[in-house]
Amino acid sequence: MNNKLNILWTTDNRDTVFNMLSMYAINSVNKDWWEHVNIILWGASVKLVANDTQVQTENHSPNTSKTVSMYCICRRN
């Protein structure tokens, strides 16, 4: 069985980050739904995370045996 969840995050909407994305990602590992959660940043989410320190620290799980990781898919100009 696959124990990894990949979430593609494309929005710069802060409400979506705090009320859906981070709650689902953190609960996924804390409630043993998934062992590893990868959040993939794409598009507008990259700029939001780069400029908002509250968003940068939102997806940390207190359960240290599980992981929530963030990856940035971006291009250089």
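Excluded from the calculations below are hydrogen atoms, water molecules and symmetry mates; all remaining heavy atoms, backbone and side chain alike, are included.
- Taking each heavy atom of D15 and N13 in turn, the nearest pair found is N-OD1, 2.8 Å.
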Determine whether T16 and W9 satisfy the following criterion, side chain to side chain contact (heavy atoms under 4.5 Å, CB included), listing intermediate values before the conclusion. CA-CA 10 Å; T16 300; W9 174 12; 5.9 Å; no
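- Between Q54 and F18, some side-chain heavy-atom pair lies under the 4.5 Å cut-off.
- For the atom pair OG (S28) and CE (M23), the distance works out to 11.0 Å, reported to the nearest 0.5 Å.
- In this structure, CG in N27 is found 14.5 Å from CH2 in W34, a value given to the nearest 0.5 Å.
- At a threshold of 4.5 Å between non-hydrogen side-chain atoms, the residues L5 and W33 do not count as touching.
- Side chain of T10 to main chain of W42: no donor-acceptor pair is present (N/O by atom type, distance under 3.5 Å, no hydrogens or angles).
- Pairing each heavy atom of V55 with each of V49, the nearest pair is CG1-CG2, 3.9 Å.
- For N51, the side chain to side chain contact (heavy atoms under 4.5 Å, CB included) partners two or more places apart in sequence, or in a different chain, are K47.
- No donor-acceptor pair closer than 3.5 Å links the side chain of S45 to the backbone N or O of L41.
- A distance of 4.5 Å separates CG of L21 from CD1 of I39, quoted to the nearest 0.5 Å.
- Judged as a side-chain hydrogen bond (donor to acceptor under 3.5 Å, both in side chains), and not counting sequence neighbours, the contacts of D52 are R14.
- Not counting sequence neighbours, the partners of N6 by the side-chain hydrogen bond (donor to acceptor under 3.5 Å, both in side chains) test are N38.
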